[in-house]
J.: 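Quick one: the structure is below, questions incoming.
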Number of protein chains: 2
Amino acid sequence: MTAVPRRRDAAATRRLLLEAARRRFARNGYAATTVRDIADEAGVNVALINRYFASKEGLFEACLRGVGTELGDAVEGVDQVPRIIARQLSGQHTREHPNQLLLLLRSSGDTRAEEIRLGILRTFAERLAAAGGCPDADDACVLRAQVLLSAALGLALLRSTTTMEPLGSADENALLPPLQDLFDALLPGR
Amino acid sequence: MTAVPRRRDAAATRRLLLEAARRRFARNGYAATTVRDIADEAGVNVALINRYFASKEGLFEACLRGVGTELGDAVEGVDQVPRIIARQLSGQHTREHPNQLLLLLRSSGDTRAEEIRLGILRTFAERLAAAGGCPDADDACVLRAQVLLSAALGLALLRSTTTMEPLGSADENALLPPLQDLFDALLPGR
DNA sequence: ACCGCAAGTCAACGATGGTTTACATCACAT
DNA sequence: ATGTGATGTAAACCATCGTTGACTTGCGGT
């Protein structure tokens with residue numbers, strides 16, 4: 001049970017690679033991240049990336065799928081999506097643990113990865129719309145939810161790539177009021 | 001006067017390179033853009049990038065400075081910044097003419113470029129705060145302006161890198177109401 | 001007409017990217 | 001204990017990247 005640490009554990013190193021890749025891709029984007037960076041941060045040989053994920057793009061797709069499932073699992077009730085976003089945004093994201101939502105803004109050229117990314121964004125926006133009391137599939141209302149999602153992601157991105165004060169070091173208490181206003185303004189159903 | 005087209009015109013090719021670079025950098029980001037891509041799109045030899053801009057980073061800095069001056073010139077009265085953002089966002093940005101605001105989200109590793117980018121973002125946020133009726137340098141109020149700026153940039157980014165409907169092909173008429181609500185919610189002074 | 005310099009071309013360089021191949025080593029079943 | 005397949009390592013491959021230097025071509029003044 002206590003998982004005797006093996007010197008060679010495929011699942012473990014696969015996980016190490018995935019975690020390192022998610023950090024790197026989220027912080028620096030796809031193109032600016034090298035497979036050697038990821039391997040070094042994971043403390044693992046470079047060639048294993050191709051063994052376990054077939055390619056750099058394959059690894060990136062795996063990262064996206066990870067964010068998708070985490071986001072899906074995190075939502076039990078459909079109307080707590082705004083809180084999740086607020087948590088995500090105002091959570092303390094150090095340089096070692098960047099906001100994983102950033103992966104949804106990171107674009108590789110790969111078609112399959114783009115499809116995954118778009119899929120996650122769409123379902124997330126749909127849940128937002130539902131949480132906002134949207135009459136089903138009303139275009140104007142879905143649009144508002146997508147605008148809200150864009151705002152949240154832009155906030156995450158700007159907070160991670162710049163040091164603009166007071167935004168850069170604003171904690172949850174400081175961030176919550178404007179976020180609340182933003183939600184209320186774009187999801188009038190709540 | 002009528003600018004007889006010269007076969008060799010340093011200023012003209014410099015401008016061609018700058019325009020091509022701004023399109024490429026805005027659409028694909030810094031790392032994913034190749035100097036040969038830029039040169040080809042400009043119909044110009046690759047080596048001229050280094051001649052006129054010293055390096056790829058130098059070219060990127062020049063692009064940022066261009067956005068800075070354009071943004072500065074566009075603002076005559078200080079309280080029309082929201083309208084400018086709305087125009088920028090809802091303007092038709094084809095694949096050939098992406099939104100130049102995206103450059104403010106594109107990060108190279110270069111220190112000087114990052115300083116320029118941060119400077120533009122800060123002054124832009126300050127103008128937003130002033131337009132929002134901010135008591136000078138009130139942190140909470142400046143923060144709201146920066147949140148608004150983040151939202152606008154995130155919107156521009158998501159609209160350009162994904163095909164999420166109805167956001168992707170929303171025109172000015174569709175985009176204006178949620179944008180207006182966003183402004184009103186974050187800049188209560190207006 | 002011709003000369004000098006600016007403008008543009010061409011080809012290569014060294015570095016680094018993702019990927020692959022051949023090899024070494026460990027874990028586990030028999 | 002031993003052989004076998006899974007796991008990890010080392011090194012190289014090849015394409016492409018940004019950059020540079022030597023060269024050619026055209027423009028403008030004299």
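Lettering follows sequence order; numbering is per chain, from 1.
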J.: Quickly work out the A:N50 CG to D:dT7 P distance and round it to whole Å.
T.: 16 Å
J.: In whole angstrom, what separates A:I49's CD1 from C:dT20's C1'?
T.: 14 Å
J.: State which residues pass side-chain contact (heavy atoms from CB on, under 4.5 Å) with B:I116; sequence neighbours excluded, sorted by chain then number.
T.: B:E61, B:L64, B:R65, B:R112, B:I120
J.: Between A:L17 (CG) and C:dG18 (C1'), how many Å, whole number?
T.: 15 Å
J.: Please report the distance, rounded to the nearest Å, between CG in A:L16 and C1' in D:dG8.
T.: 13 Å
J.: Please tabulate the protein-to-nucleotide N/O contacts below 3.5 Å involving nucleotides 6-9 of chain C, giving atom names and distances.
T.:
residue: C:dA7; atom: N3; partner: B:R8; partner atom: NH1; Å: 2.8
residue: C:dG8; atom: OP2; partner: B:T13; partner atom: OG1; Å: 3.3
residue: C:dG8; atom: OP2; partner: B:Y52; partner atom: OH; Å: 2.7
residue: C:dG8; atom: N7; partner: B:R51; partner atom: NH2; Å: 2.5
residue: C:dG8; atom: O6; partner: B:R51; partner atom: NH2; Å: 3.2

J.: Apply salt bridge (charged side-chain N to carboxylate O under 4.0 Å, His left out) to residues B:E114 and B:R117 and explain how you reach the verdict.
T.: CA-CA 5 Å; B:E114 285 300 273; B:R117 199 170 65 92; 3.0 Å; yes
J.: Does the B:K56 side chain pair with the main chain of B:Y30, one donor and one acceptor, at a distance under 3.5 Å?
T.: yes
J.: Enumerate donor-acceptor pairs with a distance under 3.5 Å from any side-chain N or O in residues 149-159 of chain A to protein atoms, sequence neighbours excluded.
T.:
residue: A:S150; atom: OG; partner: A:Q146; partner atom: O; Å: 2.8
residue: A:R159; atom: NH1; partner: A:L167; partner atom: O; Å: 3.1
residue: A:R159; atom: NH1; partner: A:A170; partner atom: O; Å: 3.0
residue: A:R159; atom: NH2; partner: A:L89; partner atom: O; Å: 3.4

J.: Whole-Å distance between C:dG18 P and A:F25 CZ?
T.: 8 Å
J.: May I have the distance from A:R36 (atom CZ) to D:dT9 (atom C1'), rounded to whole angstrom?
T.: 14 Å
J.: Using whole Å, report how far CD1 of B:I38 lies from P of D:dG18.
T.: 8 Å
J.: Report the relative orientation of the aromatic rings in B:F60 and B:F25; use parallel for angles under 30°, tilted for 30 to 60°, perpendicular for over 60°.
T.: perpendicular
J.: Applying side-chain contact (heavy atoms from CB on, under 4.5 Å), run through B:L71 and B:L104 and close with a yes or a no.
T.: CA-CA 11 Å; B:L71 250 43; B:L104 300 179; 4.2 Å; yes
J.: Between C1' on C:dT16 and CG on A:D40, what's the gap in Å once rounded to a whole number?
T.: 14 Å
